[in-house]
S.K.: 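Sharing a structure, written as structure tokens. Questions coming.
Because the structure is predicted, anything quoted here is derived from the model rather than measured. Residue numbers start from 1 in every chain, and the chains themselves are labelled A, B, ... in the order their sequence lines are given, proteins ahead of strands. Only this structure's heavy atoms are used, side chains among them; waters, hydrogens and symmetry mates stay out.
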There are 2 protein chains.
Amino acid sequence: MTRTIKVLLAEDQSMVREALAALLGLEDDIEVVAQVARGDEVLAAARAHAVDVALLDIEMPGATGIEAAAQLHGELPELKLVVLTTFGRPGYLRSAMEAGADAFLVKDAPAAQLAEAVRKVLAGERVIDPTLAAAALAEGANPLTDREREILRAAADGSTNAELAATLHLSQGTVRNYLSTAIQKLAVRNRAEAVRIAREKGWL
Amino acid sequence: MTRTIKVLLAEDQSMVREALAALLGLEDDIEVVAQVARGDEVLAAARAHAVDVALLDIEMPGATGIEAAAQLHGELPELKLVVLTTFGRPGYLRSAMEAGADAFLVKDAPAAQLAEAVRKVLAGERVIDPTLAAAALAEGANPLTDREREILRAAADGSTNAELAATLHLSQGTVRNYLSTAIQKLAVRNRAEAVRIAREKGWL
DNA sequence: ACTACCGCATGACAGATGTCATGGGGGGCG
DNA sequence: CGCCCCCCATGACATCTGTCATGCGGTAGT
């Protein structure tokens, strides 16, 4: 071992974040040198601490871990990126890889894989759950257009067509048309199911 | 200190569970003697290891942490119960307390509160976030009847009235009536919003 | 230039959803 | 016992939602 691996930890739930830090702290060759709770604080922290690996949770306020990964990949290309998430959604894996992630871990994998992944990415390897990789490939790409995604996201809270039309500056008919095409693309029967399926696949 | 506090840890995500175990392992007076990943394995594990405190996540397969708490409270009344959750929903707090919980923690509280809470409940104290307690009181009790909750839960995935009627062995009109009253009680405008609000409040 | 797709819109229609009035059967409580 | 609430149901009505045909302007790819 030449020197310890410096890790940045980004995760919004303090208890989980500090617990993960404790876990990594048990490893001799790993040191958690920075912790942040928001996606939009990741870049600054990474710059300030000269880290080797960034560990990014996806679900965070400010910016998602995937958005943070894309930023880091652009600004600090040397930095290795491990994306960590609760939900093993194939669409998440796909976006994470497109954002430049080197590893993709789900939180219900054994804890030992975390330190493992940190070492592997530093050695230039990629770490991806094979089951998830297969699922991502089997599923194909996101069939929704930008606009359809946007409207589906806005419809997720139960807004009516009138409200959607108002907030998105569209006519009601247009809103219904977009929802209709989204419903057909996802092969479901109403907007509620469409939202659910799109969420599950990580397409929202 | 007489002897170490024996803790049972129930949490479905391995990485989080083992990380929390690592965190508690740093404390001299606390020992994690058992770990389970399912709600329906909690009771057996508690019996097998003579634990002092059970740490229960709410969101688990098999049975929720709240259901597990109720079981433990009935079978092993001496055992202290700490309920841990991602979501600070007032309705969760209420049900947890009714199930006999001694402490209620949200995962975005500082990690130090975890060991803290374990010690306090063993000393006979109750640990509840004051903000959350206030919210729980302000919100009042769940206004939904059993049937309304059941139907709302079934409607959450986007099922149509016809499907709901079939699975619940009701007429379509009855389904609509229940949804209508639920919608009015929650002061919203459609089933999707009703599901969302009921979820947020922990009433589902 | 032609084609294809996207974003946006309108109008018309069928079917789903939400509301309301009404009523029967049951349990609990004063 | 009367009252209230819950569970279940029906029918009628108004509105919302989803579908389809059609059209226009813009942007990309071949």
S.K.: What I want to find out is whether R119(A) reaches D29(A) closely enough, with some N-O distance under 4.0 Å, to be called a salt bridge.
M.R.: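 Yes, this pair counts.
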S.K.: Rounded to whole Å, please give me the gap between NE2 in H169(A) and P in dC8(C).
M.R.: 11 Å
S.K.: Within the distance-only criterion (no hydrogens, no angle test), does the side chain of K6(A) pair as donor or acceptor with the backbone N or O of V33(A) below 3.5 angstrom?
M.R.: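 Not a single qualifying donor-acceptor pair exists.
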S.K.: Side-chain N or O of T174(A) less than 4.0 angstrom from OP1 or OP2 on dA9(C)?
M.R.: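 So the side chain of T174(A) is within the cut-off, an N or O lying under 4.0 Å from OP1 or OP2 of dA9(C).
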S.K.: Below 3.5 Å is the cut-off: list the nitrogen or oxygen pairs between protein and nucleotides 18-22 of chain C, distance only.
M.R.:
{"unit_1": "dG18(C)", "atom_1": "OP1", "unit_2": "R191(B)", "atom_2": "N", "d": "3.0"}
{"unit_1": "dG18(C)", "atom_1": "OP2", "unit_2": "R191(B)", "atom_2": "NE", "d": "2.7"}
{"unit_1": "dG18(C)", "atom_1": "OP2", "unit_2": "R191(B)", "atom_2": "NH2", "d": "2.5"}
{"unit_1": "dG18(C)", "atom_1": "N7", "unit_2": "R176(B)", "atom_2": "NH1", "d": "3.1"}
{"unit_1": "dG18(C)", "atom_1": "O6", "unit_2": "R176(B)", "atom_2": "NH1", "d": "2.5"}
{"unit_1": "dT19(C)", "atom_1": "OP2", "unit_2": "S180(B)", "atom_2": "OG", "d": "2.8"}
{"unit_1": "dC20(C)", "atom_1": "OP2", "unit_2": "Q184(B)", "atom_2": "NE2", "d": "3.2"}
{"unit_1": "dC20(C)", "atom_1": "N4", "unit_2": "N177(B)", "atom_2": "OD1", "d": "3.0"}

S.K.: Measure across I128(A) and A133(A) and return the closest heavy-atom pair with its distance rounded to 0.1 Å.
M.R.: CG2-CB, 3.9 Å
S.K.: Through what angle, rounded to 10 degrees, does the axis of the helix from dA1(C)-dT30(D) to dG30(C)-dC1(D) turn between its ends, using five pairs per end?
M.R.: 40°
S.K.: How long is the line joining OH of Y178(B) and P of dT17(C), in whole Å?
M.R.: 18 Å
S.K.: Got a list of side-chain donor-acceptor pairs under 3.5 Å for residues 79-88 of chain A, not counting sequence neighbours?
M.R.:
{"unit_1": "T85(A)", "atom_1": "OG1", "unit_2": "E59(A)", "atom_2": "OE2", "d": "3.3"}
{"unit_1": "T85(A)", "atom_1": "OG1", "unit_2": "F87(A)", "atom_2": "N", "d": "3.1"}

S.K.: Check whether any side-chain nitrogen or oxygen of T145(A) sits under 4.0 Å from OP1 or OP2 of dG7(C), and answer yes or no.
M.R.: yes
S.K.: Side chain of D102(B), backbone of E125(B): donor and acceptor closer than 3.5 Å?
M.R.: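 No, D102(B) side chain to E125(B) backbone: no donor-acceptor pair under 3.5 Å.
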S.K.: May I ask you to say whether E150(A) pairs ionically with R153(A), meaning some side-chain N is under 4.0 Å from a carboxylate O?
M.R.: no
S.K.: Please confirm whether the backbone N or O of A103(A) pairs with a side-chain atom of R126(A), one donor and one acceptor, at under 3.5 Å?
M.R.: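 Between the backbone of A103(A) and the side chain of R126(A) there is no qualifying donor-acceptor contact (under 3.5 Å).
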S.K.: Take atom CG of D146(B) and atom P of dC6(D), then tell me their distance rounded to the nearest Å.
M.R.: 10 Å
S.K.: How many Å lie between CD on E150(A) and C1' on dC6(C), as a whole number?
M.R.: 14 Å
S.K.: Considering only nitrogen or oxygen atoms on both sides, find all protein atoms under 3.5 Å from nucleotides 23-28 of chain C and state each distance.
M.R.:
none

S.K.: Counting primed atoms plus P, OP1 and OP2 as sugar-phosphate and everything else as base, spell out the protein contacts along nucleotides 24-30 of chain D at 4.0 Å heavy-atom distance: B, S or - for each nucleotide, 5' to 3'.
M.R.: -------
S.K.: At their closest point, which heavy atom of E18(B) faces which heavy atom of A111(A), and how far apart are they?
M.R.: OE1-CB, 3.2 Å
S.K.: On a heavy-atom basis, which atom in V127(B) and which in K120(B) lie closest, and how many Å separate them?
M.R.: CG2-CB, 3.7 Å
S.K.: Please give me the minimum heavy-atom distance between N142(B) and L144(B), naming the atom from each residue.
M.R.: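 Heavy atoms of N142(B) and L144(B) come nearest at OD1-N, 2.9 Å.
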S.K.: Heavy atoms only: give me the nearest S159(A)-A154(A) pair and the separation to one decimal.
M.R.: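 It is OG-O, 3.7 Å.
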S.K.: For the pair made of CD in E148(B) and P in dC8(D), what is the distance, rounded to whole Å?
M.R.: 11 Å
S.K.: Could you state the CG-P distance from L144(B) to dC7(D), rounded to the nearest angstrom?
M.R.: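 My rounded result for the distance is 11 Å.
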S.K.: Calculate the interatomic distance between I151(A) atom CD1 and dG18(D) atom P; express it in whole Å.
M.R.: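 So the CD1-P distance, I151(A) to dG18(D), works out to 13 Å.
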S.K.: In whole angstrom, give the distance that lies between atom CG of L164(B) and atom C1' of dC8(D).
M.R.: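 Spelled out: CG on L164(B) to C1' on dC8(D) is 16 Å.
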S.K.: Looking only at heavy atoms, which two atoms of S171(A) and A165(A) are closest? And how far apart?
M.R.: C-CB, 3.9 Å
S.K.: Does a side-chain N-to-carboxylate-O contact under 4.0 Å join K107(B) and D12(A)?
M.R.: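 Salt bridge flag = no for D12(A) with K107(B).
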S.K.: Any salt bridge (charged side-chain N to carboxylate O under 4.0 Å, His left out) involving residues 158-168 of chain A? Give me the pairs, sequence neighbours left out, ordered by first then second residue.
M.R.: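 Only E163(A)-R189(B) qualify under salt bridge (charged side-chain N to carboxylate O under 4.0 Å, His left out).
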